[in-house]
Amino acid sequence: MIRLVALIGLSGSGKSSLGQALAERFSMPFLDTDLLVEERAGMPIRRIFELRGEEFFRDLETRVVREIAERPAIIATGGGVVLRQENIQALRQNGFVIFLDRPVERILENVRYDKSRPLLSSPEKLREMEQERRALYQEAAHATLRNNADLEEGVDKLVELAADVLIEAPSSGYSVIGYPIEHTLSPVIHGTIFDAIGISISSSYSAIRVPRGALRSFTEKARVSGLRGFNVTLPHKRDIIPFLDAVDDEARLCGAVNTVVVDGGRLSGFNTDMEGLLASLRDNGHEYRNRNVVILGAGGASRGVVFKAALEKAAKIVILSRRREKAEEIASEVERAVAGCHVRACRLLPDALAEAAGEADILINATPMGMIGIGEDFSSLEFLRSLPRDALVCDLVYDPPLTNLLREAWALGHAVQNGLGMLVHQAILADELFLGRQLDRSSLYQTVYTKLSNEGLTQQ
């Protein structure tokens, strides 16, 4: 099992900036050998060269590499780490080595020559090192990334390379993939369902962190790993579709997949979110049919809500998004796909929000605002005062159980519900697809909800 990814290449090739971004994507520690050498020596590299010489620096670098090669981490190495074969042997033994091959001219555009880089004192010196070390980099690396793009594109390419060795699909059972994934309740919910129906595989339901750009690698491994199915959460519900062999009609219609069945290496995608939300609304005495529905957000979750509301013959549908063009795109697609429906798209501004809320029977937040770990919330909830007295406010967020949006709506006397009911219902529907049979949905819903209540995870 690969424990680390080591980045090698010339000084200025992007090892530190890309390495830090890669570590964040995979939630792994980031280590920089140059910084560790400076910490060990108690002085900057420039002073090490001046007072002790390059050989002393190389000895210290080798000791640092030998120590950190035992840790799971993303490692940015010094440009000369390849000058000693023992360094490369240590990194390759437990890790995957990637050569960041950045064109010299691109490095020259961005690197300032100063005394902090003793071996990078001039453009001529850089070109000389490139000629001397290129063959060493190529020989040492398992893979090469031509890093001649901007940071974001470079990170995406690096993620795809690293995913091949850092992400492993389970050898059996089921999982949920997403990014971030730390707060998901899916393992608890599906484990409870499996236990309740007498299938002793709950321990094999796992949460797998799959960063953006890593779907190809994960799906390829899922085909041959023995995994029987997996659920999909943000941000992959739309992006995963090109990697699937089949997509059912409702998932294709809304352009989002949250459940994938693996059968004989074949990946089939479904969407149980839309039906799950409708089931949750019905639990609370609400329907889309003949109702005015206001949806906040124009992402993958919003798209499914809008399509389901249209299919269920909602009287009026309004989408509000900070990017009006995204809302208009969804509105146009829904109107083309569902005969007789009308969807209005607006920019998410206070006046438009208050106007739409004034006619809403059901207001649904389909954005991640207010979610734990997102760090973003509504700047104002004044629009809630425009809602009719009997309007329902639904937040698809379930962590925390009571968002500021729901808290304020409740204080104003409105019925509220979070995304937990939808989560439970869609999980039961997903398990029916995984197992190929119908389950006792009502009984399982109560079992799961009781389990979550006992663990303090339901709405207070």
Side-chain angles (χ1 to χ4, degrees), residues 4-25 28-41 43-50 53-58 60-62 64-65 68 73-84 87-88 91 95-162 213:
L4 63 87
V5 171
L7 306 180
I8 62 174
L10 289 172
S11 182
S13 61
K15 299 186 297 293
S16 294
S17 56
L18 291 180
Q20 288 175 322
L22 183 66
E24 182 178 342
R25 290 272 187 102
M28 294 177 68
F30 171 74
L31 302 173
D32 187 311
T33 60
D34 280 349
L35 295 180
L36 292 172
V37 166
E38 289 182 335
E39 182 181 302
R40 185 71 57 84
M43 65 182 79
I45 292 175
R46 171 182 57 82
R47 293 291 290 166
I48 297 175
F49 271 71
E50 290 175 354
E54 183 177 351
E55 192 67 17
F56 177 84
F57 169 80
R58 296 298 172 200
L60 195 52
E61 180 182 55
T62 295
V64 166
V65 168
I68 65 177
I74 306 298
I75 299 174
T77 63
V81 75
V82 293
L83 297 176
R84 291 191 176 182
N87 294 337
I88 298 306
L91 294 172
F96 189 72
V97 180
I98 300 176
F99 169 31
L100 296 187
D101 185 10
R102 190 167 181 80
V104 171
E105 296 308 316
R106 291 300 304 272
I107 295 177
L108 293 174
E109 293 173 2
N110 298 291
V111 173
R112 295 183 178 181
Y113 301 97
D114 56 46
K115 294 181 179 179
S116 67
R117 296 172 182 254
L119 295 182
L120 191 58
S121 56
S122 69
E124 293 74 21
K125 185 65 176 177
L126 178 62
R127 292 189 180 95
E128 180 182 330
M129 285 194 297
E130 199 274 339
Q131 292 177 355
E132 293 174 349
R133 297 177 181 177
R134 168 168 286 277
L136 294 175
Y137 290 138
Q138 291 173 331
E139 182 181 353
H142 293 98
T144 297
L145 174 63
R146 184 72 170 173
N147 182 28
N148 58 1
D150 58 24
L151 178 61
E152 185 174 351
E153 185 177 344
V155 173
D156 287 342
K157 291 179 179 178
L158 187 57
V159 165
E160 188 169 357
L161 270 180

J.: Quick one: are Arg127 and Glu105 in side-chain contact, heavy atoms under 4.5 Å?
T.: yes
J.: Does the pair Arg58/Glu61 count as a salt bridge with the N-to-O cut at 4.0 Å?
T.: yes
J.: Please report the shortest heavy-atom distance between Ala41 and Ile48, naming the atom on each side.
T.: CB-CD1, 3.6 Å
J.: Of all heavy-atom pairs between Ile107 and Gly12, which one has the smallest distance, and what is that distance?
T.: CG1-O, 3.6 Å
J.: Within the distance-only criterion (no hydrogens, no angle test), does the side chain of Thr33 pair as donor or acceptor with the backbone N or O of Gly78 below 3.5 angstrom?
T.: yes
J.: Is Arg106 salt-bridged to Asp101, cutoff N-O under 4.0 Å?
T.: no
J.: side-chain contact (heavy atoms from CB on, under 4.5 Å), that's the test. Do Leu7 and Leu158 meet it? Break it down for me.
T.: CA-CA 10 Å; Leu7 306 180; Leu158 187 57; 4.1 Å; yes
J.: State whether the side chain of Lys15 and the backbone N or O of Leu100 hold a donor-acceptor pair below 3.5 Å, judged by distance alone.
T.: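 Judged by distance alone, no pair lies under 3.5 Å.
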J.: Inspect the surroundings of CD in Glu132 and state if more than 12 heavy atoms from other residues, nucleotides or ligands are less than 6.0 Å away.
T.: yes
J.: Hey, what do you get for CD1 (Ile88) to CG (Leu83), rounding to the nearest 0.5 Å?
T.: 9.0 Å
J.: Is there side-chain contact between Val97 and Thr77, with heavy atoms separated by less than 4.5 Å?
T.: no
J.: State the CD-CD1 distance between Glu54 and Ile45, to the nearest 0.5 angstrom.
T.: 11.0 Å
J.: Please report the shortest heavy-atom distance between Ser16 and Phe30, naming the atom on each side.
T.: O-CZ, 3.7 Å
J.: Arg133 side chain to Gly79 main-chain N or O, any donor-acceptor pair under 3.5 Å?
T.: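 Pair found, side chain donor or acceptor close to backbone of Gly79.
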J.: List the atom of Leu126, the atom of Ser11, and the distance in Å for their closest heavy-atom pair.
T.: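 What the structure gives for the nearest pair is CD1-O, 4.2 Å.
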J.: Identify whether the distance between the nearest side-chain nitrogen and carboxylate oxygen of Arg25 and Glu160 falls below 4.0 Å.
T.: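 So Arg25 does not pair with Glu160 through a salt bridge.
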J.: Pick from Leu22, Asn147, Val155, Leu151: which one makes a side-chain contact (heavy atoms from CB on, under 4.5 Å) with Ser17?
T.: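 The side-chain contact (heavy atoms from CB on, under 4.5 Å) with Ser17 is passed solely by Leu151 among Leu22, Asn147, Val155, Leu151.
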J.: Could you give me the CA-CA distance, side-chain angles and deciding distance for Tyr137 and Leu10, then say whether side-chain contact (heavy atoms from CB on, under 4.5 Å) is met?
T.: CA-CA 9 Å; Tyr137 290 138; Leu10 289 172; 3.9 Å; yes
J.: Taking C-beta and beyond as the side chain, do Glu139 and Phe99 meet within less than 4.5 Å on heavy atoms?
T.: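 Glu139 vs Phe99: side chains apart.
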J.: Taking all non-hydrogen atoms of both residues, which atom of Val82 and which atom of Ala140 are closest, and how far apart?
T.: CG1-CB, 4.2 Å
J.: Measuring from Asn148:CG to Lys157:NZ, what's the distance to the nearest 0.5 Å?
T.: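 With rounding to 0.5 Å, CG (Asn148) is 6.0 Å from NZ (Lys157).
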J.: Decide yes or no on salt bridge (charged side-chain N to carboxylate O under 4.0 Å, His left out) for Glu50 and Arg47, but give the supporting numbers first.
T.: CA-CA 5 Å; Glu50 290 175 354; Arg47 293 291 290 166; 3.0 Å; yes
J.: Can you list the steps and then say if Leu31 with Leu4 is a side-chain contact (heavy atoms from CB on, under 4.5 Å)?
T.: CA-CA 10 Å; Leu31 302 173; Leu4 63 87; over 6 Å; no
J.: Quick one: sort the Phe57 and Phe49 rings into parallel, tilted or perpendicular, breaks at 30° and 60°.
T.: tilted
J.: Minimum heavy-atom separation for Ala141 to Ile98, with atom names?
T.: CB-C, 4.4 Å
